[in-house]
Amino acid sequence: MRRTKITDVLKSDAIGSEIVVKGWVRTRRGNKQVNFIALNDGSTIHNLQVVADVEVFGEELLRRVTTGASIAVRGELAPSQGTGQNVELLARTLEVIGDCDVNEYPLQPKKHSLEFLREIAHLRFRTNTFSAIARVRHAMIFAVHSFFSSKGFVNIHTPIITASDAEGAGEMFQVTTLDLENIPRNEEGKIDFKEDFFGKATNLTVSGQLEGELAAMGLADIYTFGPTFRAENSNTSRHLAEFWMIEPEMAFYDLNDNMDLAEEFLKYLIQYALDNCSDDLQFLSSRLEEEEKNKKADERSMELIEKLKFVLNNEFIRLTYSEAIEILKESKPNKKGQFKYQIEGYGADLQSEHERYLVEKHFKKPVILTDYPKEIKAFYMKLNDDNKTVRAMDVLFPQIGEIIGGSQREENYDKLVARMQEMHIPVEEMWWYLDTRKFGAVPHSGFGLGFERLLLFVTGMGNIRDVIPFPRTPKNAEF
RNA sequence: UCCUCAGUAGCUCAGUUGGUUAGAGCGGCGGACUGUUAAUCCGUAGGUCGUAGGUUCAAGUCCUACCUGAGGAGCCA
């Protein structure tokens, strides 16, 4: 008999029918007559209550039904006599598939700290919190493709190994097959990358954008969704060395079109989560409330589902960098000297505290900041007519900060080359990128969404290491 | 990388101005209980106090270095 998934069992009204379920034991309790086994198979946050008659199965077998053990149960679906669930499974046969020694098994039927679970990331899929996050993560992956596909965007796999380090998006991981114990040198005594696998120095990608732009200059609307690597020594709850990024790139889009798409995209994803992950979101919401119950009322975050709906139902605030500077300059914390970095006027780089003030205190909703000074942004962003600012946009979310960074791209060949020279980008190496500005150049725009940052927001989790199964951070590549 | 805080039982923590034999809750194990819901009740085992030095008659407690983790900053998505 084929196993039925617990999510289907719990939705089933086939009372009296015989089914087989398989899964992992969460807890077992009971007395001399009857045992109750909470069984979970990962298909839902909810457990199935299996009722086992002690006389039928014997204490010896039931003793092996420990927390963490895997079992198969054939039985009859019945209305529950208890109050915690509608249906339960009256066991006819029970088989222990894999025993689990409770003295060694680290997961106990109790609350564990997220820090502890991170140390046993290979087992944390078996917890409510991480199975819920994994299911939401899957739903969001699916929704990303669904959104773009429905709009006629073409998904492009950009290379993971690249030879260009001109992106300037951060420190890169080197990729090499050279013998590190015996590195070949050229006449000048420098490392001879001609001997390396690709015949030149290569790295893991920090962004698929440049290749994405090439694809957009023929397919018009494309998106990438792939792993991204940054070798920055960042130790924060918002950074990973290996993360997943979504980068759409659209021909004939200006910055306003770009902002419209970004806002529509984020709202689509949030709506998809609400529509398809309600059980898991409900669980994550309660978990968050439990975690924050000792905090003062004004330090607690908004209830998770309420927060998601709030973002859906409100327009994102759009304002320019210069407007933001004016607001910040006149703000109370700035006048009272409460900012660590005082805002004097145009030119200042916005610190986290300033972004947080705008999003969390002043507007109390997502904010899209545009038109930053060119000095603090990347070379490829389109220069405004003022010659001072570029058509950049950062989408700022409460708690997370920058969730999206994007821009309209500079499509004018001469202006782009001038910017590259100013910023010491090797122009010759980038001939292929510049070619798109020589042959039928069009205005175009795009952005990058940090997938794990999106998940932080949707799940309400506080640490990015908890929304990816196996986080890669400085000094940590376990599992 | 910088700043701050933390590391004591399987887990979460308490441990006073340095002073005898380091405690609790949960979890485990044994027992009780005719349907439980993180069951409940009774009993029980379990510790090189992160590591290495140092100060002292005496260090879980004070000092130094290192390791690990968390929060914040920078970098960014």
Side-chain angles (χ1 to χ4, degrees), chain A residues 26-38 46-55 63 66-68 78-85 88 90 100-120 128 167-171 206-209 226-247 262 290 339-341 349-356 376-378 394-397 400-406 447-457 462-468 473-476 478:
Chain A
R26 287 296 175 75
T27 61
R28 179 174 63 91
R29 55 183 172 266
N31 53 43
K32 272 196 173 141
Q33 282 69 42
V34 64
N35 271 202
F36 302 95
I37 302 161
H46 301 298
N47 300 327
L48 175 66
Q49 171 152 289
V50 174
V51 184
D53 197 319
V54 176
E55 214 173 303
R63 241 198 306 276
T66 55
T67 297
S80 180
Q81 294 175 36
T83 51
Q85 56 283 315
E88 62 191 17
L90 305 176
C100 184
D101 183 348
V102 289
N103 288 312
E104 284 184 61
Y105 188 56
L107 287 171
Q108 300 161 359
K110 57 165 287 190
K111 282 246 175 332
H112 287 295
S113 68
L114 296 171
E115 290 83 4
F116 174 67
L117 293 173
R118 231 168 271 155
E119 289 168 15
I120 51 165
N128 285 334
E167 165 65 21
E171 291 296 311
V206 291
S207 164
Q209 180 199 316
T228 311
F229 307 88
R230 306 264 168 99
E232 299 286 347
N233 192 8
S234 296
N235 293 289
T236 80
S237 55
R238 306 183 304 282
H239 289 85
L240 291 165
E242 176 183 287
F243 64 101
W244 291 71
M245 187 155 64
I246 297 137
E247 295 179 286
E290 178 73 15
F339 283 141
K340 196 172 163 209
Y341 296 90
D349 207 347
L350 296 184
Q351 308 291 323
S352 290
E353 57 179 351
H354 306 129
E355 295 180 353
R356 291 187 73 133
I376 58 176
K377 288 291 178 186
D394 284 0
V395 181
L396 308 177
F397 263 36
I400 291 143
E402 190 178 341
I403 196 168
I404 279 179
F447 60 82
L449 169 71
F451 186 59
E452 283 76 17
R453 289 194 181 169
L454 169 82
L455 284 171
L456 279 181
F457 186 76
N463 193 314
I464 203 160
R465 293 165 190 137
D466 294 329
V467 296
I468 188 167
T473 53
K475 298 279 182 291
N476 186 5
E478 193 70 46

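- Rounded to an integer number of Å, the gap from K111(A) NZ to G27(B) C1' is 14 Å.
- Following rounding to the nearest Å, E452(A) (CD) and C76(B) (C1') show an atom-to-atom distance of 14 Å.
- Heavy atoms of S234(A) sit under 4.0 angstrom from at least one base atom.
- Residue N235(A) places a side-chain atom within donor-acceptor reach of the base of U1(B), judged by atom type and a 3.5 Å distance cut-off alone.
- Whole-Å rounding puts the E88(A) CD to U37(B) C1' distance at 11 Å.
- Across all strands shown, N103(A) has heavy atoms under 4.0 Å from sugar-phosphate atoms exclusively, and none from any base.
- Counting non-hydrogen atoms under 4.0 angstrom, F116(A) reaches the backbone sugars and phosphates but no base.
- Taking a pair as Watson-Crick or G-U wobble with both distances under 3.5 Å, RNA chain B forms stems of 3 or more consecutive pairs at B:1-7 with B:67-73, B:10-13 with B:23-26, B:28-32 with B:40-44, B:50-54 with B:62-66.
- Considering every non-hydrogen atom in both R26(A) and P109(A), the closest pair reads O-CB, 4.1 Å.
- Using a 4.0 Å heavy-atom criterion, one finds that T67(A) contacts no nucleic acid atom at all.
- Rounded to whole angstrom, the span from the OH atom of Y105(A) across to the P atom of G27(B) amounts to 16 Å.
- Look at R453(A) and you won't find any side-chain N or O under 4.0 angstrom from OP1 or OP2 of C76(B).
- Here R465(A) lies in heavy-atom contact (under 4.0 Å) with sugar-phosphate atoms only.
- Contacts of E115(A) with the nucleic acid, taken as non-hydrogen atoms under 4.0 Å apart, involve only primed sugar atoms and P, OP1 or OP2.
- Within the 4.0 Å cut-off from OP1 or OP2 of U37(B), not a single side-chain nitrogen or oxygen of Q49(A) is found.
- Remark: the R63(A) side chain and the C29(B) base include no donor-acceptor N/O pair separated by less than 3.5 Å.
- In terms of polar N and O atoms assigned as donor or acceptor, the side chain of Q81(A) comes within less than 3.5 Å of the base of G35(B) in a complementary pairing.
- Residue-level contact check: I403(A) touches the backbone only, with heavy atoms under 4.0 Å from sugar-phosphate atoms and none from bases.
- OP1 or OP2 of U1(B) lies within a sub-4.0 Å distance of a side-chain N or O belonging to N233(A).
- At a cut-off of 3.5 angstrom, counting only N and O atoms as typed in the model, there is a donor on one side and an acceptor on the other between the side-chain of R230(A) and the base of A77(B).
- S352(A) has a side-chain polar atom (N or O) that falls below the 4.0 Å cut-off from OP1 or OP2 of G74(B).
- For R26(A), no side-chain nitrogen or oxygen approaches OP1 or OP2 of A38(B) to under 4.0 Å.
- Aromatic stacking is marked for F243(A) over A77(B), as both cut-offs hold: 5.5 Å for the centres and 30° for the planes.
- A donor N or O paired with an acceptor N or O is not found under 3.5 Å between the base of C11(B) and the side-chain atoms of H112(A).
- Contact annotation: side chain of Q85(A) to base of U36(B), donor-acceptor pair present below 3.5 Å.
- Heavy atoms of I246(A) sit nowhere under 4.0 angstrom from any nucleic acid atom.
- A close approach under 4.0 Å does occur between a side-chain nitrogen or oxygen of K32(A) and OP1 or OP2 of C33(B).
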